[in-house]
Protein chains: 2
Amino acid sequence: MNDKFFKLPLEKQRRIINAAYKVFSENSYKKAPMSEIADESGISKALLFHYFTNKKELYMYLWMNAIEMTRKAVTEYKTLETDDFFEMLKRSLLSKCSLMRDYPHLYAFSLRAYYETAPEIHKSIQENFNDVSKASEMIVFEKIEISNFRKDIELKTMYDEIFYAVDGYMLKKYRSNCIIPDEIEKEIIVLIDFWKKVYTQEV
Amino acid sequence: MNDKFFKLPLEKQRRIINAAYKVFSENSYKKAPMSEIADESGISKALLFHYFTNKKELYMYLWMNAIEMTRKAVTEYKTLETDDFFEMLKRSLLSKCSLMRDYPHLYAFSLRAYYETAPEIHKSIQENFNDVSKASEMIVFEKIEISNFRKDIELKTMYDEIFYAVDGYMLKKYRSNCIIPDEIEKEIIVLIDFWKKVYTQEV
DNA sequence: TCCTTATTGACCGTAACGGTTAATGCAAGT
DNA sequence: ACTTGCATTAACCGTTACGGTCAATAAGGA
């Protein structure tokens, strides 16, 4: 990894990183070509290899960057500083929307990276991830105030269901190539309001 | 397309088709290699090309087969012969589970094929699909009895949300390489019961 | 002008691709 | 045992794509 990369204008850094996120989110590690990343970011392949010594290094940088940016966004939105489940959910998802404005394909990349099977990558990733994800689920269930929920539903099922839906929703957006943060933000809010009504309001 | 393919033992046909569904569901059309399909199904690449004259033909056969099999399964489960939304949903999803027993990756293939961008493929697919999908959504909303639902929720949002969740659920199963029809069937039923309770029962 | 740095076109060796073909194996019929 | 006919494949072909390198060029500042 060449330090000169960080001395580039920020916008150019973003262009390169986003091209990489895009290509790696659309293909498996093995079938994601460096040349495609270079083309997509408007620089030559040689220059890309000038900044990142090889493919794996670029990939691992993206992975670390994704974790770090996500963590930062979650913190900025004070995601964990509430005991209202739906408020927390909203902050969590809106923080990801804000991230999406700078890095449209980071979310899709993260979703895919965790299941990457290429042996060179696999190990380094999974270790790193289990910490983050498992921990966050536990924190949620420790912190939230559950007395507001309908008494007749299984909270774990609700939790799973909501995250299935979020992933399914994002999947559709990515597949149809429709990453418009403003629109997604609105639709996400509609969904959250819907969930809140359904899961708390006792008609 | 060589007629001899259909004279093969059914199990061998399935092995080939499933290998193809798998490889095409994991990669974009362009990056899905025929050699990988051959290896996965335990036959030589030459033989694969003996049955299917070229890659596109194989892909289009898979697509047509997916549509036909899905239609058949939906019919067998009498999916549309009820006006209860959740019963219809259950039949629809269980029919897909049964399909999954014979063709584990057909679902993932269909999900991806619709958004395939390779120009040779794109056109032939989309035409064919709009009929099926749009029509089915309309049929559902015409047929179902809506008086049982909670009055305070937006049915379209509910409908979308459910299908996001199903896709997200299946995505996770595929990504983690966990296609176990029995298990999926059970979990799907849990989800449907959950939805039914939440969306109809006025606590 | 010169020097330094940013950037690239062209290149390398290798591997993978879609698709073909000539040669095998192999079973049934004589 | 020999032949016929089909199922199956190893080996091959021409082309493209890949990760990665390097010498050459462009750009910018002193």
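Chain identifiers are assigned alphabetically (A, B, ...) following the order of the sequence lines, protein sequences preceding nucleic acid strands; residue numbering begins at 1 within each chain.
Between the CD atom of A:E36 and the P atom of D:dC18 there is a distance of 7 Å, given to the nearest Å. Atom-to-atom, NZ of B:K31 to P of C:dC17 comes out at 11 Å; the value is rounded to the nearest Å. If you measure from atom NZ of B:K56 to atom C1' of C:dC17, you get 19 Å, rounded to the nearest angstrom. Between the CZ atom of B:F52 and the P atom of C:dT20 there is a distance of 15 Å, given to the nearest Å. Atom P of nucleotide C:dC17 and atom CG of B:L58 are separated by 15 Å, given to the nearest angstrom. Atom C1' of nucleotide C:dG9 and atom CG of A:D39 are separated by 13 Å, given to the nearest angstrom.
Counting non-hydrogen atoms of neighbouring residues, nucleotides and ligands closer than 6.0 angstrom, the NZ atom of A:K31 exceeds 12 such neighbours. By the neighbour-count criterion of 12 heavy atoms within 6.0 Å, atom NZ of B:K196 is sparsely surrounded, having that number or fewer from other residues, nucleotides or ligands. Atom NZ of B:K172 has 12 or fewer heavy atoms from other residues, nucleotides or ligands within 6.0 Å. By the 6.0 Å contact criterion, NE2 on A:H122 is open, its count of non-hydrogen atoms from other residues, nucleotides or ligands being 12 or less.
A cation-pi contact links B:K55 to B:Y29, judged by a cut-off of 6.0 Å to the six-membered ring centre and 45° from its axis.
A perpendicular orientation is assigned to the rings of B:Y21 and B:Y103, their planes being inclined by more than 60° (bins at 30° and 60°). Under the 30°/60° scheme for interplanar angles, the aromatic rings of B:F5 and B:Y61 are found to stand perpendicular.
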Taking only nitrogen or oxygen atoms into account, show me every contact under 3.5 Å that the protein makes with nucleotides 28-30 of chain D, one pair per line with its distance.
none

For nucleotides 6-16 of chain D, print each protein N/O atom paired with a nucleotide N/O atom at under 3.5 Å, atom names and distance only.
from	atom 1	to	atom 2	distance (Å)
D:dT8	OP1	B:K12	NZ	2.9
D:dT8	OP2	B:Y51	OH	2.9
D:dT9	OP2	B:S44	N	3.1
D:dT9	OP2	B:S44	OG	3.2

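Distances from the side chain of A:F49 to the nucleotides C:dG18, D:dC18, D:dG20 place D:dG20 closest. Picking from D:dG20, D:dG19, C:dC17 the nucleotide with the shortest atom distance to the side chain of A:N54 gives D:dG20. Distance from the side chain of B:K55 is smallest to C:dG19 among C:dG19, D:dG19, D:dG20.
Across all strands shown, B:A32 has heavy atoms under 4.0 Å from sugar-phosphate atoms exclusively, and none from any base.
Close placement of the A:Y159 and A:F141 rings is indicated, their centers lying within 6.0 Å of each other.
A donor-acceptor contact closer than 3.5 angstrom is absent between the side chains of B:N54 and B:Y59.
Taking a cutoff of 4.0 Å between a charged side-chain nitrogen and a carboxylate oxygen, A:K186 and A:D182 do not qualify as a salt bridge.
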**Asked** Given the rule in the ring pair (Phe, Tyr, Trp, His ring centres under 6.0 Å) test, do B:Y174 and B:F109 qualify, once you have shown the distances and angles that lead to the verdict?
**Response** CA-CA 11 Å; B:Y174 278 113; B:F109 170 86; over 10 Å; no

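A heavy atom lying under 4.0 Å from DNA chain D marks none of the residues of residues 59-66 of chain B.
For the pair A:P33 and A:T53, both in contact range of DNA chain D, the more 5′-proximal nearest nucleotide belongs to A:P33.
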